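Protein chains get the first letters and strands the later ones, always in sequence-line order, with residue 1 at the start of each. Since we're looking at a predicted model, the values are computed, not measured.
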Amino acid sequence: MIQRPRGTRDILPPESRLWHAVEATAHRVFQAFGAEEIRTPTFEHTELFVRSVGETTDIVHKEMYTFADRKGRSLTLRPEGTAGVARAFLENALQDRPLPLRLYYMGPMFRYERMQKGRFREFRQIGLEILGAASPLADAECLLVLFEFFQALGFQDLVVHLNNLGDPPDRAALGHCLREFFTPHAAQLCSDCQRRLEENPLRVLDCKVPSCQELAHRAPTVEAVAGEASKAHVAEVEELLRRLDIPYQRNPRLVRGLDYYVRTVFEVVAPQWGPSTVICGGGRYDRLLADLGGPDLPGVGFAVGEDRLVEILPESFRNAVFGEARLQLVPLGGASAAALELARKLVRQGVPVDVEVGGRSLKAALKRADKLRRRWVAILGEEELAQRVVSLRDLTEGAQRLVPWEQLAQALAGGQNREPARHQGTGSQH
RNA sequence: GUGAGCGUAGCUCAGCGGGUAGAGCGCUGGACUGUGGCUCCAGUGGUCGAGGGUUCGAAUCCCUUCGCUCACCCCA
């Protein structure tokens with residue numbers, strides 16, 4: 001038996017409805033704020049990710065799905081979304097459109113990693129980029145759109161963790177400072193951090209090992225070396241967040257893994273999953289477009305991990321999705337063809353219908369409707385057919401009455417399903 | 001890349017001091033010929049992850065391998 005490749009998943013019904021609903025919500029909210037969807041390739045030239053994400057990052061270092069095509073070109077399955085959007089922006093000269101441009105995307109990303117809870121080799125991200133706006137207003141708008149999205153999904157308790165990473169010269173200076181600070185205490189650091197001290201001292205700041213954390217808390221932060229410009233920029237973002245009542249928390253040890261970030265960086269963690277489970281990460285990347293050979297235009301954006309988001313979706317949203325009323329239409333005897341006609345009529349009126357085409361007995365059909373937690377069953381037998389009615393049964397109460405076909409849509413209007421059926425997880429477990 | 005745990009029916013698992021593969025749930029049907037949920041009955045379902053070894057005989061003991069999961073690193 002052939003199994004799915006490691007790190008991929010089958011998203012089965014009814015779970016797939018949640019994914020659809022999350023994506024529909026994203027389209028609606030993002031578009032309401034003036035963003036438009038961009039679809040870019042799932043794979044790009046390897047060089048794009050090496051140059052944008054950064055050569056020293058783990059993503060490029062050891063997590064890319066890189067392969068040579070038949071002509072020997074090096075291609076890579078995209079590990080994140082921003083690089084492709086930036087490339088498409090430049091390639092299609094979108095800087096000649098009215099700026100800023102708000103672009104959003106959703107789709108699969110790929111990273112070659114060992115499997116773990118909430119971590120996949122193929123996972124989905126929903127992201128937004130605002131290109132061509134240097135103002136802190138753009139950073140704040142990003143977070144505003146993000147939180148309106150969360151709000152529409154029913155989240156109540158999410159908090160943004162926010163930091164200033166400074167401008168590029170500041171980052172270099174901070175690296176120096178941190179090396180000077182940590183080197184005398186190197187013996188106290190974990191072995192990973194001793195390595196980080198050489199390669200990327202910023203990463204020591206968010207190590208989870210207690211002894212490292214203790215040191216990190218006393219280490220100099222970006223504030224010590226950041227220029228006035230970046231400080232003022234992030235302070236203004238904070239001011240706007242307060243004004244908008246978006247809950248945030250300044251975290252001076254927050255460091256993001258991608259090299260292109262400057263100034264504002266942020267992430268949102270799932271409260272019930274502990275501090276390491278990031279469901280959204282983002283920040284400002286003012287140098288990225290220029291580094292890719294384009295005009296010197298700023299950008300800011302975020303990406304939400306859809307897999308993790310679906311995992312922690314509030315009950316309210318799940319219930320709304322699974323509670324959608326559907327009519328189960330059961331034909332008896334020779335009424336099957338008429339049932340299909342009736343189903344077409346109802347669907348055109350906006351009523352979702354399942355026709356029982358299994359040819360089973362009424363008893364079996366009712367049993368099935370009950371298993372599916374359907375509320376309404378319409379029985380169409382010879383007698384009903386002759387009178388152009390159905391027997392409409394309400395499975396919640398067991399009540400049943402005859403309803404003419406023309407009034408069926410109206411009789412069902414506003415009806416909710418019964419409590420959602422319990423279902424299996426995501427198909428990712430075996 | 002490092003460390004740990006686990007692989008028996010579609011799902012959750014029992015069986016492991018070697019002796020003919022089990023239960024619950026699910027699915028299908030029946031008891032109840034056009035009326036669900038509860039109950040009862042029947043049916044359906046498995047190269048015991050794979051390969052090798054020990055043995056008269058292995059799901060069970062030994063070795064190898066593959067797969068899955070969790071943690072670390074890092075991230076969505």
Can you say whether a donor on the side chain of [X] sits under 3.5 Å from an acceptor on the base of [N], or the other way round?
{"X": "K363(A)", "N": "C32(B)", "answer": "yes"}
{"X": "R393(A)", "N": "G36(B)", "answer": "yes"}
{"X": "D370(A)", "N": "G36(B)", "answer": "yes"}
{"X": "E384(A)", "N": "G34(B)", "answer": "yes"}
{"X": "Q116(A)", "N": "U69(B)", "answer": "no"}

Whole angstrom is fine here: how far is it from [atom1] in [X] over to [atom2] in [N]?
{"X": "L362(A)", "N": "U33(B)", "atom1": "CG", "atom2": "C1'", "result": "12 Å"}
{"X": "E356(A)", "N": "G36(B)", "atom1": "CD", "atom2": "P", "result": "15 Å"}
{"X": "Q400(A)", "N": "G34(B)", "atom1": "CD", "atom2": "P", "result": "14 Å"}
{"X": "R368(A)", "N": "U35(B)", "atom1": "CZ", "atom2": "P", "result": "19 Å"}

Identify whether any heavy atom of [X] sits under 4.0 Å from a base atom; if not, whether one sits that close to sugar-phosphate; answer base, sugar-phosphate or nothing.
{"X": "G333(A)", "answer": "nothing"}
{"X": "E306(A)", "answer": "nothing"}
{"X": "L258(A)", "answer": "sugar-phosphate"}

Hey, are [Y] and [X] close enough side-chain-wise for a donor-acceptor pair under 3.5 Å?
{"X": "N164(A)", "Y": "H233(A)", "result": "no"}
{"X": "D259(A)", "Y": "T57(A)", "result": "no"}
{"X": "E122(A)", "Y": "T8(A)", "result": "no"}

R374(A) side chain near G36(B) phosphate (N/O to OP1/OP2, under 4.0 Å):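 Checking G36(B) against R374(A), no side-chain N or O comes under 4.0 Å of OP1 or OP2.
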Under-4.0 Å side-chain N/O to phosphate OP1/OP2 contact, K367(A) with C27(B):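 For C27(B), OP1/OP2 do not have a side-chain N/O of K367(A) under 4.0 Å.
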Ring pair (Phe, Tyr, Trp, His ring centres under 6.0 Å) partners of H185(A), counting only residues at least two apart: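 Listed in chain order: F181(A).
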F49(A) side, atom CZ; E44(A) side, atom CD - distance, nearest 0.5 Å: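 Nearest 0.5 Å value for the CZ-CD distance: 5.0 Å.
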Enumerate the protein-to-nucleotides 1-7 of chain B contacts in which both atoms are nitrogen or oxygen and the separation is below 3.5 Å.
residue: U2(B); atom: O4; partner: R114(A); partner atom: NH1; Å: 3.3
residue: G3(B); atom: O6; partner: R114(A); partner atom: NH2; Å: 3.2

side-chain hydrogen bond (donor to acceptor under 3.5 Å, both in side chains) evaluation trace for Y104(A) with E36(A): CA-CA 6 Å; Y104(A) 73 91; E36(A) 295 203 73; over 6 Å; no
